[in-house]
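As structure tokens, the structure follows; a few thoughts come after it.
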Amino acid sequence: MRSILGTAIFIFILCGPSFAEEIVQVDNQYVQEYKGRLGAWTEVKSQAQLNSLVGKFGTTIQEVREMNGSQLAFGSFLFMPFSDKYLQELEAQGVKRDSVVSRKNDFIWPISRVDNISSAFGMRHGRLHTGTDMPAVRGTPIIAVMDGRVVATGNDAGLGKNILLEHRDNFFTRYAHCYRWLVKTGDYVKKGQIIGLVGSTGRSTGCHLHFEIRYNDIPLNPLDFLPYKQNLSQPHMIRNWK
Ligand SMILES: [Zn+2]
């Protein structure tokens, strides 16, 4: 009897935390996280603009260099950290990150507001379409669906600018046709953290995110893993590959 109880407790300790729901902070266009700091990715075009943003956000050039590398490339996106005071001002105006309830080992959606799938996972024109296509306007934040590490950022003819993340237990996720990626190979990312912006690079006919979940490099149907969304219009339930 005692050993059964012990086994039960052991299983609970092993599995309990993964069943527990937690509140996950999700980046939006206003407040974002990078390397443990809150701020915002901003396209910075000149030294004058940088100086003005540093003043506005209550940060310093030194801090901006620490976040982005010592060579600040104007014309690209820089992560601008916010001071505590600026964050408090935003919060007083009701501006803060979004939040979702999720269990530790569950995925969240890579785009916060998806009400349409433009192309489902499955056979398409005689080939396997290895992901789920989610239309979104250019510049929409793309979110890491689970804690992980950036394996690669690439730019190729088909997928355009794309990001590959590695997660627990040999799960990988890929985010393709990005307008920009905002993380580097080797970065650790948290569930809910912005990693890129939606675009239409590569072989793409309009702005959308092509999102893949792979297990040991086998592409799986993302809709079998993402939280159920009631408002999602078809082809959500088309499982023509089965
Ligand atoms: Zn696709």
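Owing to the predicted nature of the structure, the values given are computational and were not obtained by experimental measurement. In each ligand, atom 1 is the first atom listed, and ligand 1 is the first ligand listed.
In this structure a side-chain-to-backbone donor-acceptor pair under 3.5 Å is present from His167 to Asp147.
Of all N/O/S atoms in Asp133, OD1 sits nearest the Zn ion (ligand 1). For His210, the N, O or S atom with the smallest separation from the Zn ion (ligand 1) is ND1.
At least one cation-pi condition fails for Arg180 and Phe77: the charged atom is not both under 6.0 angstrom from the six-membered ring centre and inside a 45 degree cone around its axis.
Taking Gln29 as the reference, nothing meets the side-chain hydrogen bond (donor to acceptor under 3.5 Å, both in side chains) condition, with sequence neighbours excluded.
Because the distance cut-off is set at 2.8 Å, His177 fails to qualify as a neighbour of the Zn ion (ligand 1), as none of its N, O or S atoms comes that close.
Residues Tyr30, Val31, Leu38, Leu50, Leu53, Val54, Phe57, Ile61, Val64, Leu72, Phe74, Leu78, Met80, Phe82, Tyr86, Leu87, Leu90, Val95 make up the rest of the hydrophobic cluster containing Val44, defined by ILVMFWY side-chain heavy atoms closer than 4.5 Å, directly or through other members.
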